[in-house]
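Here is the structure we will look at, set down as structure tokens.
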Amino acid sequence: MSPRRNRPRRDDAPHLDTDRVRQGVASVQQWRDGDWQVRGISGGASVKTYRCPGCDQEIRPGVAHVVAWPADGRGDLSDRRHWHSGCWRARDRRGPVIQRGRGAPRYG
């Protein structure tokens, strides 16, 4: 026999907005190149492969990352970019990514 429950159950708890939980909450961040809307994407909500503009590497499905787009309101959906979280934080300290051909040397 289990002990008696003396506390009332809380059925009046606020319900979570599942879309907001899945997509993250957008915030505005200020950088040298302007203001950016930034939203964190959890690993569970990431279902497609993207290419990070900071390191030119793939962001695989299931990897938590950041989506950023200009906050000025002049852009559209094509202005959104998916970044590794570390690449987004380090974007002021890095130079532009140099696109190299397959035959180019890897280092140097």
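Note: hydrogens, waters and symmetry copies are ignored here, and every other heavy atom, side chains too, is used.
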Under 3.5 Å, which donor-acceptor pairs link side chains of residues 44-55 to any protein atom two or more places apart or in another chain?
unit_1 : atom_1 : unit_2 : atom_2 : d
Arg51  : NH1    : Asp56  : O      : 2.7

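Taking the six-membered ring for Trp and the full ring otherwise, His82 and His65 have centroids separated by under 6.0 Å.
Not counting sequence neighbours, the partners of Arg60 by the salt bridge (charged side-chain N to carboxylate O under 4.0 Å, His left out) test are Glu58. Qualifying side-chain hydrogen bond (donor to acceptor under 3.5 Å, both in side chains) partners for Gln29, counting only residues two or more places apart in sequence or in other chains: Trp31, Trp88.
In this structure, CD1 in Ile59 is found 7.5 Å from SG in Cys87, a value given to the nearest 0.5 Å. Distance check: Asp72 CG to Gln37 CD gives 10.0 Å after rounding to the nearest 0.5 Å.
At least one side-chain heavy atom of Arg32 sits less than 4.5 Å from a side-chain heavy atom of Asp92.
The side-chain tip of Arg91 points at the ring of Trp36 from less than 6.0 angstrom away and within 45° of straight on.
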